[in-house]
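Below, read A as the first sequence line, B as the second, and so on, with proteins coming before strands; counting in each chain starts at 1.
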4 protein chains.
Amino acid sequence: MLHFDSDYMEGAHPAVMERLVKTNLESTPGYTEDSYCSQARDLIRKACTCPEAEVYFLVGGTQTNAIAVSAVLKPYEGVVAADTGHINQHEAGAIEATGHKVLGLPHTDGRLQADVLDRYMSGFLADESAGHMVCPGMVYISHPTEYGTLYSLSELRALSDVCRRYGLPLYMDGARLGYGLAAPDSDVNLEDIASLCDMFYIGGTKAGALFGEALVITAPVALRQMITHIKRQGALLAKGRLLGVQFGALFSDGLYLEISRHAIRMAGLLTDALKSKGYVFFTPPQTNQVFPVLDSGALVRLRQNATFSIWQRLDQSHVVARFVTSWATREEDVRELIALL
Amino acid sequence: MLHFDSDYMEGAHPAVMERLVKTNLESTPGYTEDSYCSQARDLIRKACTCPEAEVYFLVGGTQTNAIAVSAVLKPYEGVVAADTGHINQHEAGAIEATGHKVLGLPHTDGRLQADVLDRYMSGFLADESAGHMVCPGMVYISHPTEYGTLYSLSELRALSDVCRRYGLPLYMDGARLGYGLAAPDSDVNLEDIASLCDMFYIGGTKAGALFGEALVITAPVALRQMITHIKRQGALLAKGRLLGVQFGALFSDGLYLEISRHAIRMAGLLTDALKSKGYVFFTPPQTNQVFPVLDSGALVRLRQNATFSIWQRLDQSHVVARFVTSWATREEDVRELIALL
Amino acid sequence: MLHFDSDYMEGAHPAVMERLVKTNLESTPGYTEDSYCSQARDLIRKACTCPEAEVYFLVGGTQTNAIAVSAVLKPYEGVVAADTGHINQHEAGAIEATGHKVLGLPHTDGRLQADVLDRYMSGFLADESAGHMVCPGMVYISHPTEYGTLYSLSELRALSDVCRRYGLPLYMDGARLGYGLAAPDSDVNLEDIASLCDMFYIGGTKAGALFGEALVITAPVALRQMITHIKRQGALLAKGRLLGVQFGALFSDGLYLEISRHAIRMAGLLTDALKSKGYVFFTPPQTNQVFPVLDSGALVRLRQNATFSIWQRLDQSHVVARFVTSWATREEDVRELIALL
Amino acid sequence: MLHFDSDYMEGAHPAVMERLVKTNLESTPGYTEDSYCSQARDLIRKACTCPEAEVYFLVGGTQTNAIAVSAVLKPYEGVVAADTGHINQHEAGAIEATGHKVLGLPHTDGRLQADVLDRYMSGFLADESAGHMVCPGMVYISHPTEYGTLYSLSELRALSDVCRRYGLPLYMDGARLGYGLAAPDSDVNLEDIASLCDMFYIGGTKAGALFGEALVITAPVALRQMITHIKRQGALLAKGRLLGVQFGALFSDGLYLEISRHAIRMAGLLTDALKSKGYVFFTPPQTNQVFPVLDSGALVRLRQNATFSIWQRLDQSHVVARFVTSWATREEDVRELIALL
């Protein structure tokens with residue numbers, strides 16, 4: 001059976017695993033106060049060209065989003081997001097569990113556009129009953145989006161401008177950030193993100209780590225005692241050095257980008273094949289998630305030999321499927337899948 | 001100046017006020033444990049033809065909604081509502097403050113339709129990632145809606161059927177219930193509501209009381225220790241008998257319906273005049289809230305002599321205005337307003 | 001039957017009720033945005049000699065405490081209080097419902113002492129694991145306390161000094177503040193409170209109003225958009241002017257103090273009689289709550305003709321009873337009770 | 001430098017690490033839905049002699065406690081615990097973050113005694129104002145306790161009896177459960193725990209795993225959709241199989257007990273040496289945490305060569321120190337430490 005369900009089906013990239021094994025019996029302080037975490041923080045600050053950034057290491061994405069959002073918002077504020085945002089759809093209400101509303105806006109292939117945000121904000125401010133409404137307190141975007149699409153640099157700049165005009169911290173969910181950075185048609189790099197966003201996270205779980213996300217805060221928008229805040233959310237890893245060791249590996253020798261590029265290349269092979277066979281795409285394939293439309297015949301045929309998810313039912317006889325590649329995807333598996341198309 | 005801003009600009013109906021004055025110096029136990037509350041509960045049960053109903057007295061609508069919703073939902077559940085629902089728009093995130101998401105669905109003039117709910121639920125249950133999504137745990141509707149519109153009995157029945165099919169308690173926000181019951185083209189009465197909903201509240205604040213809402217629970221869908229739950233929400237009125245006295249007055253001698261009918265008649269006068277002068281309506285006028293479209297000229301002219309709210313801007317030169325009547329609206333004021341149209 | 005259960009058994013003081021009746025049919029804007037509220041705010045600012053203070057009107061005490069505390073604390077902070085504090089004992093977890101811990105400290109007849117707080121804070125700051133503990137973020141006291149006792153001015157100053165040294169906003173629950181201000185052996189006045197506390201509330205419910213508390217904020221320690229915060233808690237009264245009218249009455253012509261003095265005089269009569277008959281007191285009687293120890297015989301005898309609460313069981317044959325007087329207590333009732341002792 | 005700070009300073013036991021490495025490149029479904037988790041659940045059910053138990057795998061202890069407690073309590077309920085309970089002291093308010101109060105009771109060397117609970121419950125039920133208080137909804141204990149002490153089987157039985165009498169689910173925090181099971185003077189085994197508690201967790205983080213806790217539910221006291229509940233708390237591990245693999249290793253070939261016994265033996269060496277040198281203990285040493293009282297001289301001397309925590313300051317010249325051993329403690333390190341005493 002071929003597996004294209006997700007980019008978290010395997011363990012860690014061998015280079016990451018090797019470091020975990022090598023350091024396994026060392027004794028270090030807990031709770032990310034060790035030297036591996038310090039080194040990894042420095043590597044990340046350097047990669048972002050942002051020497052002042054705060055970096056916190058967390059275990060998973062939903063957790064990171066809930067911590068980031070609740071570290072910024074006042075009780076009566078909510079977080080603005082595309083309707084399709086992960087926090088609005090697939091995190092089981094983790095944001096609401098911290099007492100905050102997700103204010104969903106229309107999207108363009110999963111992206112929140114600057115003009116949509118601008119219109120929403122000017123409408124809110126002009127509304128006579130704004131004082132009785134959840135006050136927009138920050139903006140959430142994901143890059144790549146849940147649909148595998150990417151913000152261009154100019155889109156990101158425009159969005160950042162609108163956010164700054166309205167005093168809204170901008171937060172980027174980078175669960176798959178590596179795959180975004182490695183995409184050939186992306187003109188956004190880590191330094192851009194660090195300067196245009198106030199907060200973002202660099203996803204490890206889906207890009208080479210066993211688990212782990214690095215929350216980077218580049219502007220003074222969040223709570224000061226983040227460690228206590230993280231502990232309160234049940235998210236402070238006892239053996240915090242595991243996160244430092246892994247991110248240390250990922251941010252040494254360009255590993256993070258290198259393994260992301262592999263996934264992008266694998267997705268590219270699949271995309272090209274799909275195109276050449278006449279499949280249409282639900283959203284333009286840009287990263288490691290590909291969303292072709294399958295008719296019932298193709299669906300049945302492919303599911304006999306491959307696992308992948310059904311994203312959405314379009315009509316009686318068509319679905320949107322999602323195929324995901326990762327650092328661990330083997331080229332022979334992609335070729336086998338292509339042969340089945 | 002004429003006032004058509006809302007239905008809570010005056011104090012209490014004189015008959016209600018009289019009872020408050022008459023009982024003012026009596027000594028009673030606190031926290032709605034007094035005999036006035038008992039009597040008022042009985043009157044409400046009788047009016048609903050539901051002798052087993054539990055009745056709790058609360059101070060305001062947002063408070064009542066938050067208490068009702070959080071009394072039903074499990075931590076991982078959310079409340080389904082029309083996008084336009086008061087809990088989704090104008091309660092400053094009070095539901096989210098209790099940890100729950102409002103799951104907004106498309107509306108028809110403020111109403112949630114049975115087929116929309118049905119499609120949503122079947123889609124949710126078929127979704128492969130439903131376990132990662134907020135689980136729909138109850139349905140909220142308002143009657144009359146925020147747009148002044150009404151469910152017909154057949155609509156309400158259809159909605160109730162879908163709810164029961166999916167095991168979803170149905171809760172009705174009756175902030176303006178009196179005006180709904182008194183509307184000439186409504187075929188829904190209190191008994192229907194008590195049998196088709198599992199929980200609803202009868203609004204006092206906007207219909208004759210100084211303040212107060214009566215939460216009626218007709219099926220075993222809520223927490224058992226409601227008084228402690230209410231206390232925890234900061235909503236247990238010390239001098240609870242004030243609520244009993246007021247609802248006792250409202251539900252004696254048909255007062256609640258009688259004063260509601262007056263408001264409906266006043267709204268009818270205004271509606272007829274608007275129609276005859278060619279104004280168009282944003283939503284069909286059915287109760288005590290009327291939403292005509294005004295051009296800039298009319299807006300400026302009317303605002304010189306009357307207060308009312310601007311509901312929405314349609315374009316550069318048109319707005320949706322909201323005119324509200326109540327038990328306290330004077331016919332001469334309506335006639336004066338009509339003269340200005 | 002004689003009633004000494006609580007100070008919220010009757011409605012409003014006649015002078016307050018009269019104003020409610022007189023203004024009943026006026027039309028005003030909602031949500032405490034009316035001129036009665038403005039005037040009442042000014043009267044309160046003047047009474048506190050604090051022209052810059054913010055004043056918010058709320059319905060009840062538990063609600064006010066939850067709103068005040070959650071307006072000050074960051075997510076990872078807790079509120080320090082005497083173990084016996086109302087927020088720690090009798091508010092059904094309303095503070096915890098906002099996500100915050102009450103950090104209970106030992107008390108002296110219901111009072112939190114400066115040295116106890118100082119030791120707690122220095123211990124906390126020296127604790128190696130402070131970062132994993134709830135961070136003390138403000139201090140709550142009640143005056144009079146739940147035991148009817150009072151802070152002296154020097155005690156309050158000492159406590160305020162410690163709070164300021166550690167950067168902890170000081171908040172006073174003044175549910176029965178009038179009775180504290182009117183107590184003959186109190187040397188604390190409203191101006192002292194406004195200068196030594198950062199936030200406090202002046203209780204109306206138990207001192208002459210139908211309902212209502214005035215939250216006074218004298219230092220920039222709370223959220224800025226308090227109205228939205230209050231709405232989110234379900235606590236923004238639609239007909240907010242009811243609060244303004246009542247506090248306007250209470251703070252005109254010295255009414256608040258005058259009616260509080262009556263309650264204190266009534267409690268004094270009872271206290272003197274209890275003393276002369278050899279009853280001992282659980283806590284020194286200072287305000288309108290008196291806590292004598294009753295043996296079983298006295299308990300049975302008194303309960304035949306009077307209602308009052310049993311505060312605590314001391315042993316098989318003794319209880320601590322609580323007798324409460326108020327602005328509404330009639331001297332003949334007190335004399336009748338005395339005759340039964 | 002010798003390290004006795006905690007039992008989470010190293011990575012995983014080599015046998016656990018080996019399995020992680022071996023399975024690293026396998027593709028499995030996420031979110032603990034894989035076959036490794038299934039197998040581990042079966043091993044745990046067997047070890048508990050409780051074939052019907054539900055088993056959920058989580059990452060850390062604070063997280064597990066917050067999830068367990070909020071899966072049981074109704075909104076107005078709190079969790080009873082010893083004042084010294086981890087949830088009451090060192091989890092930064094994670095329980096309160098879910099809206100619930102921790103109801104602290106006096107302890108005996110960290111243990112909650114049956115008679116203390118019984119008196120508290122009968123007092124609560126007799127309290128006239130119980131309806132205004134947080135309702136005790138479950139009981140939390142830790143075994144071993146935060147002081148390294150253990151419940152005897154008869155103590156645990158007595159406590160369980162009281163819980164069942166009052167309808168209170170009993171939950172055991174087993175962060176260091178292995179060390180409790182392996183302690184020579186313990187007469188409590190896993191089967192006892194599974195039958196006397198309704199819910200407990202088997203700690204992996206401190207006993208051989210890189211991270212991970214297994215929450216075992218043996219009675220129908222918790223929410224049904226636990227996976228969604230866990231997701232909402234940000235605690236559903238994407239690569240959930242990592243937990244299954246680790247617990248599979250720990251519960252194969254008696255590894256969990258074997259490595260726990262090593263830690264106990266190491267603590268025993270240290271305890272014997274301390275005793276023979278005349279040190280006194282703050283609490284009786286029973287498991288892998290040892291709490292000797294150190295005077296200033298000893299403290300300074302030992303800190304030159306060893307790291308350990310200061311639990312509490314007793315007076316100007318004495319502290320309570322905490323020395324912790326684990327599966328990873330080397331006998332030579334213990335002997336070196338002993339030489340320094």
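Taking the side chain as every heavy atom from C-beta outward, A:Lys101 and B:Asn88 approach each other to under 4.5 Å. Annotation: side chain of B:His100 is not in contact with side chain of A:Glu96 (no heavy-atom distance under 4.5 Å).
Heavy-atom pairs under 4.5 Å with chain A were tallied for B:Met133, B:Gln312, B:Gln89; the largest tally goes to B:Met133.
Only the backbone of A:Glu91 comes within contact range of chain B, with at least one heavy atom under 4.5 Å from a heavy atom of that chain. For A:His90, the parts lying near chain B are the backbone and the side chain together; criterion is any non-hydrogen pair under 4.5 Å.
Going from atom OG of B:Ser129 over to atom CD1 of A:Ile310 covers 11.5 Å, rounded to the nearest 0.5 Å.
For CZ of A:Arg313, the number of neighbouring non-hydrogen atoms (other residues, nucleotides, ligands) closer than 6.0 Å is 12 at most.
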